[in-house]
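Notes follow the structure.
Only this structure's heavy atoms are used, side chains among them; waters, hydrogens and symmetry mates stay out. Note on naming: letters A, B, ... go to the chains in the order of the sequence lines (proteins, then strands), and numbering restarts at 1 for each one.
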Amino acid sequence: MALTRLRGFQDLIGPDARAVGFVEQCARTVAERYSISEIRIPLLERLELYQRSSGETSDVVEKQMYAFADRDDAQTTLALRPEGTPGVVRAYIDAGLDRSDPEQRFYYYGPMFRRERPQKGRFRQFNQFGVEIFGRADAACDADLIIMVDEFRRELGLEVEFQVNSLGDATCRPAFRQALLEWGRAHLDQLCEDCHARLERNPLRLLDCKTDVKLAATAPSSADYLCDPCRKHIETVEELLTKANVPYVVNPRLVRGLDYYTRTTFEAISNAVGAQSAVVAGGRYDGLVEALGGAAVAGTGFAIGVERIALALDADRFKRDGAPDAAIIAMGDRATVTAMDLARELRTARLRVEMLSPERGLKALLRRADRLGAHFALIIGDNELAQSVVQVRDLRNSAQQSLPRADIAMHLRAALIR
RNA sequence: GUGAGUGUAGCUCAGUUGGCAGAGCACCGGGUUGUGGCCUCGGUGGUCGAGGGUUCAAGUCCCUUCACUCACCCCA
């Protein structure tokens with residue numbers, strides 16, 4: 001049995017790792033600009049947390065979780081986090097912030113785990129960058145988050161389509177849900193197999209049936225059932241997006257798989273990542289903090305699928321990165337001592353330096369320096385030692401000069417600046 | 001969980017009616033006793049995904065199985 005990587009888990013190497021890192025860094029930069037601060041929380045929580053927040057019947061909780069018994073006497077059931085929001089809410093309540101200082105702005109970054117069948121843009125371990133805002137019930141806050149996502153995707157040079165919708169709240173959603181249920185029962189014979197299952201479990205999902213789109217289009221629309229405050233809320237969000245020049249489309253069939261969402265819901269869709277096209281998704285969850293035992297505090301947020309974003313980015317951008325400024329080639333033991341000393345000096349001067357193996361020939365090492373994309377090759381052999389010099393070869397134009405050992409750092413710094 | 005497609009060198013793939021496992025790229029070395037790329041010559045590298053069957057003979061035909069990919073489902 002070979003020791004291969006687990007299905008749905010990935011090793012990110014070289015350009016792939018850089019692409020994901022770039023997305024993470026970009027998201028952090030934008031979030032900081034919005035005065036959002038980082039929160040770091042565990043990857044492992046009680047299973048119950050997810051059961052109580054995501055809804056017992058959601059697929060995530062029902063069949064996608066990595067859950068197992070802890071080794072304590074009480075046999076606590078633990079779960080690797082399938083998403084970030086419940087953990088952040090739990091931490092927020094744990095710290096007593098819901099009572100002491102309810103208005104908080106958090107971002108998190110890290111791996112999530114879901115045991116799904118892998119496909120393009122879908123993995124069993126994947127990274128999410130998420131933002132959660134507590135204590136803000138206003139529409140401006142929702143709009144601000146979408147505007148932030150737009151800023152983020154613009155910095156990456158990524159084209160997406162924003163879709164927005166409102167799911168209503170505790171006042172008006174029950175009536176909408178009931179209407180869908182009745183519509184579904186009335187069209188029972190026309191519904192596809194999947195929709196039969198959806199009907200009783202999660203009627204909202206009837207709306208995004210892909211088997212019979214035409215039929216789904218005749219289903220009741222949430223817009224027709226919104227109460228006045230909910231209608232006003234989504235109208236304000238849309239108005240603010242328009243004023244901020246964020247293009248969006250209203251998708252009345254946009255629903256969420258997780259039960260805790262209320263009112264505003266949105267997604268950013270990319271056509272560059274296969275069928276799993278939602279690269280960012282979010283919305284409002286005003287009842288969640290209270291449902292998890294905290295005060296009645298509003299919440300809203302989103303999560304970015306980091307790998308999906310990376311997939312949508314131009315892969316060539318990350319090919320030639322991480323190339324050293326200088327590759328040092330030492331021939332012989334004495335030269336190696338001098339070379340390591342030189343390397344340390346250059347690194348202190350903030351240059352990116354790689355020592356090449358002293359056990360191979362000059363030709364091979366130059367070839368390697370070239371392949372690494374090094375700007376300079378620094379060659380030290382017996383001749384150079386005798387004269388206290390270093391051969392400085394510019395690999396881009398093949399210009400080579402012999403320079404005093406003491407002048408190397410200054411020379412390279414000057415050469416690399418232009 | 002369901003369906004389809006694909007498994008041959010590290011990577012991308014060729015392999016005819018069943019007849020000695022190949023190419024390009026990558027890697028290593030020579031052409032240059034201490035000078036990269038381009039060129040040229042050579043080399044390393046394979047349980048042909050695995051197991052079974054048919055056959056004188058299987059990468060090729062049959063059965064089973066596993067993995068990967070994409071899609072459904074679901075979702076970031």
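- If you check every strand for non-hydrogen atoms under 4.0 Å, Ala281(A) touches sugar and phosphate atoms only.
- Among the atoms of the strands shown, none is found under 4.0 Å from any heavy atom of Glu267(A).
- On a pure distance criterion of 3.5 Å, no polar donor-acceptor pair joins the side chain of Arg368(A) and the base of C27(B).
- Within 4.0 Å of Leu395(A), counting heavy atoms only, lies at least one base atom of the nucleic acid.
- Rounded to whole angstrom, the span from the CD1 atom of Ile269(A) across to the P atom of C75(B) amounts to 13 Å.
- Within the 4.0 angstrom heavy-atom criterion, base atoms lie near Lys363(A).
- Residue Gln128(A) contributes atom CD, which lies 13 Å from atom P of C75(B) at whole-angstrom precision.
- Judged by distance alone, with hydrogens and angles left aside, Glu384(A) brings a side-chain donor or acceptor within reach of the base of G34(B), the pair sitting under 3.5 Å.
- In this structure, the CG atom of Leu254(A) is 11 Å from the P atom of C75(B), given to the nearest Å.
- Taking the six-membered ring where the residue is Trp, Phe129(A) and Tyr109(A) present tilted rings, their angle falling between 30° and 60°.
- No more than 12 heavy atoms of other residues, nucleotides or ligands sit less than 6.0 Å from atom CG of Asp333(A).
- Between A21(B) and A58(B), the distance separating the two P atoms is 11 Å to the nearest Å.
- Rounding to whole angstrom units, CG of residue Leu366(A) and P of C28(B) are separated by 13 Å.
- Centroid-to-centroid, the aromatic rings of Tyr225(A) and Phe176(A) come within less than 6.0 Å.
- Glu307(A) comes within contact range of no nucleotide atom at all, as no heavy-atom separation falls under 4.0 Å.
- Base-pair partner of G22(B): C13(B) (Watson-Crick or G-U wobble, both distances under 3.5 Å).
- Projected onto RNA chain B by closest heavy-atom contact, Lys120(A) and Ala364(A) fall at different nucleotides, the more 5' of which corresponds to Ala364(A).
- Between Gln391(A) and U35(B), a side-chain N or O to OP1/OP2 separation shorter than 4.0 Å is absent.
- Among the atoms of the strands shown, none is found under 4.0 Å from any heavy atom of Phe129(A).
- Counting heavy atoms from C-beta outward, Arg124(A) and Phe113(A) have side chains that stay 4.5 Å or more apart.
- Taking 4.0 angstrom as the limit, Arg360(A) places a side-chain polar atom (N or O) nearer than this to OP1 or OP2 of C28(B).
- Val306(A) comes within 4.0 angstrom of no nucleic acid atom, judged by non-hydrogen atoms across all strands.
- Atom CZ in Phe266(A) sits roughly 16 Å away from atom P in C75(B) (whole-Å rounding).
- With both ends at atom C1', the span from C13(B) to G29(B) equals 26 Å, rounded to whole Å.
- A sub-4.0 Å separation between OP1 or OP2 of U69(B) and a side-chain N or O of Arg117(A) is absent.
- Residue contacts for Gly361(A): at a heavy-atom cut-off of 4.0 Å it reaches no nucleic acid atom on any strand shown.
- Dense packing is recorded around CZ of Arg347(A), with more than 12 heavy atoms of other residues, nucleotides or ligands lying under 6.0 Å away.
- The separation between Met65(A) atom CE and C74(B) atom P is 18 Å, rounded to whole Å.
- Not less than 6.0 angstrom separates the ring centroid of Phe9(A) from the ring centroid of Phe123(A).
- Dashed line: the shortest gap from a side-chain N or O of Arg122(A) to OP1 or OP2 of A76(B) is not under 4.0 Å.
- An OP1 or OP2 oxygen of A76(B) is reached within less than 4.0 angstrom by no side-chain nitrogen or oxygen of Gln276(A).
- Summarising the base pairing, C39(B) is matched to G31(B) through a Watson-Crick or G-U wobble pair whose two defining distances lie under 3.5 Å.
- As a whole-Å value, the separation of Ile329(A) CD1 from U35(B) P is 11 Å.
- For the pair Leu378(A)/Ile329(A), no side-chain contact is recorded, criterion being any heavy-atom separation below 4.5 Å from C-beta on.
- Counting to the nearest Å, the P atom of G29(B) and the CZ atom of Arg367(A) are 6 Å from each other.
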